[in-house]
Amino acid sequence: MGLDGARSHDERTTATPRTPMPNPRPPARVPFDLAAWASAPRPEADPGVFRQEHRQLDPDRAEAAKVPTWPLLLRAGLNAVVGWLAYVYGVEVAKYGTTLIGVLPTRSAFVAISVVLTLNVLVAGIVIKVFGRMGRWPEVWRRYALPLLSRTVTEEAPATEEEQSEAARQRDPWSVLRQGGAAVAAGRLDGEAVGDVDYVRIRRAWESAQADPAFLPAFVEQVSLRGAAAFAHPSEARELPGRAERHDLLLGQVRLGTAQDVPKNPLSHRSAGFALDPVVLGTSLLAVGPAGTGKTARLARPVAEALCLQALAGTACAVVIGAADADLGPDAWYDVVIAPGDPASRYGLDLYGAAQDPDEAAARLAEALLPDELTARAETARTALQQMVGPFHAAFGRYPGVRELRALLAGEPESLEALVKGLRAAERLGSFERDLAHREHQRGRADDPGALLADRLALLDRPAFEGAFTTDGTGRPPFAMRVLDHPLRVRVKLPERSHPEAARMLSRLLVGQFVQAAGSRGDRSLFAGLVVDDASAALDAGIVRGLQRLRGANAGVLLLLRTLVDLPEALRAPLFGAVGCRAAFPGIAPWDGRLFSEAWGTHLVRETAVTLAPDTSGGIVRRAGRLGRKALSGTTAQTESVTTREVERLRWSPSDLAHALPAGHAVVSLTAVSGEQVPPLLVDLRG
């Protein structure tokens, strides 16, 4: 958003024609320690790690921490006793050796003392190194001695003036403004309650102002006038009501849970916070799991909350699609709420996505209208729809509404006469005469795709949808997907209960429009995020191919599925290849788990094999003893042979995914936009 916030509210809203904006809401005020949050350490970490105040795990210390307390202390004590005895004995042996070679008796007292001290230090160093490593004395020191010492220290040396000034500068969230010549703006912000959304939004505007020094006065003026509300979102909202998750908007991360401390997880992620951000969502995420396993509550809703917060901060735009009763956040989270089938809905939907090319708009609509079992006729249906949409757009300067398009495809004489009359008036009849003639030739035939499309459009031409899909300005203001270069928050509530087939068509249409619009944006500075609560009806071959193009367009999709069986078999493997992140929830079917298992591949595992064999060693005495033992106890003496080798094993088998995942958990693999990959992690999503 940058310095665009310095413009008037009217200018901001008119920058997106045909896109309705809500009434302004008063900004929320919550207690927030901005200095502590902004100065919190955020070390570099692998994708998926919540970096705010993250502590890198030392592999050696993690391995040592697995040893229980009493075995650790007992081993340390035994090594200390043996080490002391070895030290005393070693010093005596060294002294005796030097005496034998005549060093001590023939030298001065000073030389003798020096030799003795050197021998003591040398022997002590060897003993400490050898027995300290075996007894793990450094781990005992870190685990027990250091905490004890930290509790006994009551006074600290006073910090120097330089240290105090450096600490104050690090805790000053507006130090960059003061150093960059905006001290007046920083002073105004010091006296206000600034939240993390305000901080990220103002910092982003400051970075835009730094790109051109001519913008610096405008930045200072805006902050001086409005304070923490400067460069606000067009809705004037500065916080989300009911915000529940832990976010780090500086990095765009939302914390979803904790990676478990299990051998299957890599050391870098064990016990670390698990988070998602645009870096990994930019490769799109597919989550599969039955209803009630937490896909919506623990994944979709937190991601939707994060995208809405980032939109308020001017770094993202969000489109959230789901059933009307899906828990994807309250309506107050969103700027535009579209509810086809609800008479109280304020906004409608542009079925053509405001596409500039009529053929392109008709092609996307045709693919959305046809169900999976009729995709074989998609090409003829696409052509038939283009033969009607193109002439109508040329004649009237707009796209046809649902009822108008249905009448044209059904061949109603009045509609066709009005279309021909409009083309004559626009002097475009000659350009489309061949298309109209071809449609007239197809009409009435058994394989006429126009009749099929008219029947499908009848599902949207219902009284419940009155005014939801109009294009002539008589219905509700339509939302067009082409506004993804603005920080909008959009919620689409599908009528899955009252009109399930219409909901399936709209889901497929909206996802296709998003993929098309996000990939063709001219301004890609905002991350465009799409959340689809139930994507079983939203995917086709064209959308799956489009998902791969989103990686380079600063956009990503979160797709939720109950089972992969809901998709055509030909789409399952391409979908797994198109997304970079995958999540399996408890209770998935074994055939679904097989695809996850194949996608995650194998890794090397150290395997130990124990072989038992009858003991036949020794002479007559040992053999007689074994015979007596067998007669008395009934057991045969055996020898044990242990073999260790590295073998390839599946990271997660289909059986483990189907039956071994605990409730509230998920196995998630991640791929960053840069190509960096994280193997599947077992994550606890319950806190």
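The model shown is predicted, which means the values in this text are computed figures rather than measured ones. Here, residue 1 is the first one in the sequence, and each next residue gets the next number.
- The number of heavy atoms from other shown groups lying within 6.0 Å of CZ (Arg545) does not exceed 12.
- With 3.5 Å as the limit, one finds a donor-acceptor pair spanning the side chains of Glu305 and His247.
- Remark: the backbone N or O of Asp472 is not paired with any side-chain donor or acceptor of Thr470 at under 3.5 angstrom.
- With a 4.5 Å cut-off on side-chain heavy atoms, Leu385 and Leu405 count as touching.
- Between His499 and Phe465, the ring planes are tilted. Angles from 30° to 60° get that label.
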Show, in sequence, the C-alpha distance, side-chain angles and deciding distance for Leu559 and Leu575, and conclude whether the side-chain contact (heavy atoms from CB on, under 4.5 Å) test is met.
CA-CA 11 Å; Leu559 303 172; Leu575 177 61; 4.2 Å; yes
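- Ion pair Asp198/Arg238 flagged as a salt bridge, since at least one NZ, NE, NH1 or NH2 atom sits closer than 4.0 Å to an Asp/Glu carboxylate oxygen.
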Under the side-chain contact (heavy atoms from CB on, under 4.5 Å) rule, what do Leu685 and Phe585 come out as? Steps first, then yes or no, please.
CA-CA 10 Å; Leu685 300 174; Phe585 281 74; 3.7 Å; yes
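- More than 12 heavy-atom neighbours from other residues, nucleotides or ligands sit within 6.0 angstrom of CZ on Arg398.
- In summary, Asp357 and Arg364 do not engage in a salt bridge, as defined by a charged side-chain N under 4.0 Å from a carboxylate O.
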Criterion side-chain contact (heavy atoms from CB on, under 4.5 Å) on Leu370 and Leu453, from CA distance to verdict
CA-CA 8 Å; Leu370 296 181; Leu453 291 172; 4.2 Å; yes
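- Of the charged side-chain nitrogens involved, none lies within less than 4.0 Å of a carboxylate oxygen, so that Arg482 and Asp350 do not count as a salt-bridged pair.
- Using a cutoff of 4.0 Å between basic side-chain nitrogens and carboxylate oxygens, Asp277 and Arg51 are not scored as salt-bridged.
- With respect to the salt-bridge test (charged N to carboxylate O, under 4.0 angstrom), the residues Asp248 and Arg42 qualify.
- Between Leu349 and Leu510 there is a side-chain heavy-atom pair separated by less than 4.5 Å.
- Checked for salt-bridge contact, Glu496 and Arg504 miss the test: no charged N lies under 4.0 Å from a carboxylate O.
- The side-chain heavy atoms of Tyr334 and Val490, taken from C-beta on, include no pair separated by under 4.5 Å.
- Note on Glu367 versus Arg508: no salt bridge recorded, every NZ/NE/NH1/NH2 to OD/OE distance being 4.0 Å or above.
- Arg582 CZ: more than 12 foreign heavy atoms inside a 6.0 Å radius.
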side-chain contact (heavy atoms from CB on, under 4.5 Å) between Phe219 and Leu177, worked out:
CA-CA 10 Å; Phe219 174 87; Leu177 272 65; 3.9 Å; yes
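- Contact record, Val483 with Leu488: CG2-CD1, 3.4 Å, taken as the closest heavy-atom pair.
- Using a 4.5 Å heavy-atom cutoff, the side chains of Leu506 and Val492 are not in contact.
- At a threshold of 4.5 Å between non-hydrogen side-chain atoms, the residues Arg406 and Arg403 do not count as touching.
- Between the side chain of Thr283 and the backbone N or O of Thr671 there is at least one donor-acceptor pair closer than 3.5 Å.
- Checking side-chain atoms of His233 against main-chain N and O of Ser235 turns up a donor-acceptor pair under 3.5 Å.
- Counting heavy atoms from C-beta on, the side chains of Leu328 and Asp533 come closer than 4.5 Å.
- Note that CG of Leu250 is 10.5 Å distant from OG1 of Thr315, once rounded to the nearest 0.5 Å.
- In this structure, Arg226 contributes its side chain and Phe231 its backbone to no donor-acceptor pair below 3.5 Å.
- A distance of 9.0 Å separates CG in Leu530 from CG in Leu550, rounded to the nearest 0.5 Å.
- Within a 6.0 Å sphere centred on CZ of Arg255, other residues, nucleotides and ligands contribute more than 12 heavy atoms.
- With contacts defined as side-chain heavy-atom distances shorter than 4.5 Å, the pair Pro340/Phe469 qualifies.
- Looking only at side-chain heavy atoms (C-beta outward), Phe527 and Leu307 come within less than 4.5 Å of each other.
- Between the side chain of Thr471 and the backbone N or O of Tyr399 there is at least one donor-acceptor pair closer than 3.5 Å.
- Side-chain atoms of Gln513 come within 3.5 Å of backbone N or O of Leu351 as a donor-acceptor pair.
- A donor-acceptor contact shorter than 3.5 Å is absent between the side chain of Arg549 and the backbone of Gly519.
- Put simply, the side chain of Arg489 gets close to the backbone of Trp333: a donor and an acceptor are under 3.5 Å apart.
- In this structure, a donor-acceptor pair under 3.5 Å is absent between the side chains of Asp327 and Thr296.
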